[in-house]
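I have placed the structure first, in the form of C-alpha cells, so that the comments after it can refer back to it.
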2 protein chains.
Amino acid sequence: MSVATVSRTLAGNYPVSTETRARVMAAVEALHYVVNVHAKALSGRVAGPVALVIKDITGPSLAHVAAGVEQEAADRGRLSLVCATHDDPAREDDLVQLMREQHAAAVVLVGGAVQDEAYRRRMAEYATALDAAGSRLVLVGRPPLPGDLPVTVVEYDNRGGAFQATDHLLTAGHQHVLFLSGAPGLSTSEQRGDGFRHALRAHGVAYQEELDLPGPYTRLSGYQRTKQALAAGLAFTAVFAGTDMVATGALAALREAGLDVPGDVSIVGFDDVPFAADLSPALTTVRVPYEDLGRTAVRLALEREERIGGDDHVVLSTQLVIRQSVRALP
Amino acid sequence: MSVATVSRTLAGNYPVSTETRARVMAAVEALHYVVNVHAKALSGRVAGPVALVIKDITGPSLAHVAAGVEQEAADRGRLSLVCATHDDPAREDDLVQLMREQHAAAVVLVGGAVQDEAYRRRMAEYATALDAAGSRLVLVGRPPLPGDLPVTVVEYDNRGGAFQATDHLLTAGHQHVLFLSGAPGLSTSEQRGDGFRHALRAHGVAYQEELDLPGPYTRLSGYQRTKQALAAGLAFTAVFAGTDMVATGALAALREAGLDVPGDVSIVGFDDVPFAADLSPALTTVRVPYEDLGRTAVRLALEREERIGGDDHVVLSTQLVIRQSVRALP
DNA sequence: ATGATCTCAGTAAACGGTTACTCCCTCTTT
DNA sequence: AAAGAGGGAGTAACCGTTTACTGAGATCAT
C-alpha cells in the first residue's frame, strides 16, 4: 500500500477497490491519522483562511462583525484568524505581513480610520502587497481609497443614519441639539457629522459650533462631555450621541444632573448595540448591520477569488430604530 | 545565490557576508518576497496557532474570553483561530479534527456544558486525539473530566460566586428569593445552584422549589420566567438571576409589572457584563474574570508545550460587585 | 611554504503530501 | 485466442523551506 493510494483513497477522486479502501480506512482509524495541512498546502491547493484585523474584539458592535466574518467564512469552508491591533499601526503592518505568509484568502480590516496621508499610503501598500500574494484586502466601515487599487470596500451609510437620527430630533421640535461627535478626522465621525449638519440645513436650523463636542467613541468620554456641557450651561433639549456607548455615558451624566430622559432631554444614539433596548429609557438609535458587514466582506472577497465576480464596493444601509428616548417638544 | 543562502540570511543564524546579505535583502525587497509558512512548517518548526472554539462570539462575556485568548496568544507569537459551533456537536467534532490538521498548539473549548455520558466520551476522545497530534485540549468554564486525561482545565468559582450573591440578598433580609437558574445539567447551572442552596442553608432559610425556575441563559427567558412568576403570584422580594442577560430580562418584566427595583424587588446577576453598570438601577452582580480565563487557558497550554511546566487545573475566583439593585428589607 | 583554521556559499536530503505517468492484471470483444 | 480496454496499484517528481554536509578560498600559525 503506497502513500499515493492512501492519498487517493482519502481524496476520493480516483478509483480505489473496495478492499483497499477498507484497509486504508482501518489504518487511518488505528493510527488516528490526519493529513498535514502544510504538506497539503505545498502541493495540492488548500483554501486559505480569512483574517480579521480589528482594533479590539470586545466592542459590542465589532464582535458582531467578527461573528459575521466567522460565519460566512465557515459556510465557505474557511478558517478565521482574528487579530487585535489595539490601534497600533506597527502591529497592523506585522499582521499584514503575517497574513501574506499564511496565504490568507482575505484580510478584513474593520473600523473607522483617520484618513490622513500616512494612512492612505499604508493602505495602498497593504492592498498591492496582499494582491501580489493572491490575497484580498477588504476595508469594512471605511471609505474607499483614492486611485485604482486592488481593494474591496464594504461601508455602511453613516451619513444617512446620522441624517435620519437628527431629522427625528428636529421633527420632534428640538432646535438645540448637543452633538457628541467622534474624534476629528475619523472617517465615521466625519460622515456622521455630515449627516447631522445636512439635517440641520434641511430643517433650516443653524449649526451651533459650541454644541458640537468631539471626542472618542467611549462611554467615559460621553459621560465627561455631557457633564462638561451641563457645567458650561449650554442650552440644549436633545443629544445626538456618536455611538451608543457615548449615549450610555451621556445618559449617566444627565441622570446624575437630575435630568429626566426623555422628559427633560431627548437622546439618540448610533449603532444599536444589543443592550440599547435595555437602557432606561430604551434608546432610540441607528441600527448598523454589523453582522452583515462582516458577511458581505468575506462573501465579496471569496467570490472574487473564485472568479464569480463580486463587487468591489458596497454600501449597506442603516436604519433608525425608534424606542423611548426621544420626546416631542410641546 | 542559492536558496540556502537566502534562507540563512533571513534566519540570521549563520554567517553571511555583508555584501551577500545586501544582495539578498535587495531581492527580497524588489520581489516582495515572504516566506511560505507551509513550507517552513514542513521543515523547520513553526509555532502552531491557538484555536478558540466557542458557541457564539457575540455574547458579551464570551467576547472577553476571546480577547484574552487572542492577547495571550499574540504576546507569545501565536495566531488565533476562532470558530463558532452554535452548539452543534458535529461541528465541534469537525473542528477538533481540523485543528489536528492545522497542528494547533492548543484548542480552547469555552462555555458551560451538559455533563452527560456522551459529553464525557466526546471530550475524552478530543483530549487523546489532540494529545497524539501534539496539541493540548483546554476546557474553560467547565469542570475537569474524570479519569487521567491529557486536558488542561481553567474554571472559575461558580459556586462561591453564587454563594456570595445569595448571601448578599439574605443578609439584606430577603427570605424569598426567586432563583432564575440555568438549564438543568449544564455545569455552570448546577454549580451556581449549589452555591445558592448552600447560602440558604447557611442562613437557615428553606429552599422553596417553586421559586427555582430553570431555563436558558438568555434575556428573553429571563423576561418570560419573571413574567410567569409574577403571573403565578409567587411571593418573592428578590431575584437571583443566573446571568446578567437573564437579569436584564427580569428587570424588564418587573418594570412592566410596575414594580420598582430595588424599591419593591432586589436583584442580583452573574457575569458582570460591561453594561451591567448602565442598567437602571446599576446591577449588583458577580464578576467573572473572563479575560483572565482566556489568558490563563493559553498560558497554561503553551507553558506546558514549552516544557516550563504549567498546571493542569486552575480555578479563578469570582467576586461580588455591589451596585444599586439590592435594598435591605426593613 | 605548508598545513590548519576559519569564513562563507553551494549541494542535496529531508518534511508530508498530490498527481502525472507507467504498468500490470483482468475482463471484453471479435 | 489475441488484442484492446479499463480498473487499480506503484513510482517519482514537485511544492518551498531548512539544515547537515561539502568544499573553495582566505587567513593564520609554525
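Treat the numbers as computed from the prediction; the structure is a model and nothing was measured. All values below come from the heavy atoms of this structure, side chains included, with hydrogens, waters and symmetry mates left out. Letters A, B, ... are given to chains in the order of the sequence lines, protein chains preceding strands, and every chain is numbered from 1.
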If only atom types and distance count, is the side chain of A:S7 paired as donor or acceptor with the main-chain N or O of A:V3 below 3.5 Å?
no
Within residues 79-88 of chain B or reaching into it, pairs that qualify as salt bridge (Lys or Arg N to Asp or Glu O under 4.0 Å) - sequence neighbours excluded:
B:K55-B:D87
What residues, two or more places apart in sequence or in another chain, satisfy salt bridge (charged side-chain N to carboxylate O under 4.0 Å, His left out) together with B:R8?
none
If you look only at distance, which donor and acceptor atoms sit under 3.5 Å apart when one is on a side chain in residues 10-35 of chain B and the other is two or more places apart or in another chain?
from	atom 1	to	atom 2	distance (Å)
B:S17	OG	B:T20	N	3.2
B:S17	OG	B:T20	OG1	2.7

Can you tell me if B:S135 uses its side chain to pair, donor with acceptor, with the backbone of B:A104 under 3.5 Å?
yes
Between side-chain atoms of residues 40-47 of chain B and protein atoms elsewhere (two or more places apart, or another chain), which donor-acceptor pairs fall under 3.5 Å?
from	atom 1	to	atom 2	distance (Å)
B:S43	OG	B:A39	O	3.3

Short of 4.0 Å, heavy atom to strand atom, which residues of residues 5-13 of chain B count as contacting DNA chain D?
B:S7, B:R8, B:N13
Under the 3.5 angstrom rule, does the side chain of B:R136 hit a backbone N or O of B:A105 as a donor-acceptor pair?
no
What distance do B:L300 atom CG and B:E72 atom CD have between them, rounded to the nearest 0.5 Å?
9.0 Å
With sequence neighbours excluded, residues passing side-chain contact (heavy atoms from CB on, under 4.5 Å) with A:A129
A:R100
What bend angle does the helix from C:dA1-D:dT30 to C:dT30-D:dA1 show across its length, from five-pair end axes and to the nearest 10 degrees?
50°
With B:S189, which residues qualify under side-chain contact (heavy atoms from CB on, under 4.5 Å), at least two apart?
B:L186, B:Y217
Regarding B:R78 and B:E305, does a basic nitrogen lie under 4.0 Å from an acidic carboxylate oxygen?
yes
Any base atoms under 4.0 Å from A:S17, or only sugar-phosphate, or nothing? Heavy atoms, all strands.
sugar-phosphate
What residues from residues 22-43 of chain A pass a heavy-atom cutoff of under 4.0 Å to DNA chain D?
A:L42, A:S43
Taking heavy atoms of chain A and a 4.0 Å limit, find me the 5'-most and 3'-most nucleotide of DNA chain D within that range.
D:dG8 to D:dG16
Verify the neighbour count for atom CD of B:E101: are there more than 12 heavy atoms of other residues, nucleotides or ligands below 6.0 Å?
yes
Using a 4.0 Å cut-off to any heavy atom of chain A, which nucleotides of DNA chain C are the first and last in contact, reading 5' to 3'?
C:dG16 to C:dC21
Pairs where residues 60-70 of chain B contributes a residue and the test side-chain hydrogen bond (donor to acceptor under 3.5 Å, both in side chains) is met, not counting sequence neighbours
none
To the nearest 0.5 angstrom, please state how far the OH atom of A:Y126 sits from the CG atom of A:L149.
14.0 Å
Kindly indicate whether the side chain of A:Q115, heavy atoms from C-beta on, has any atom under 4.5 Å from the side chain of A:E190.
no
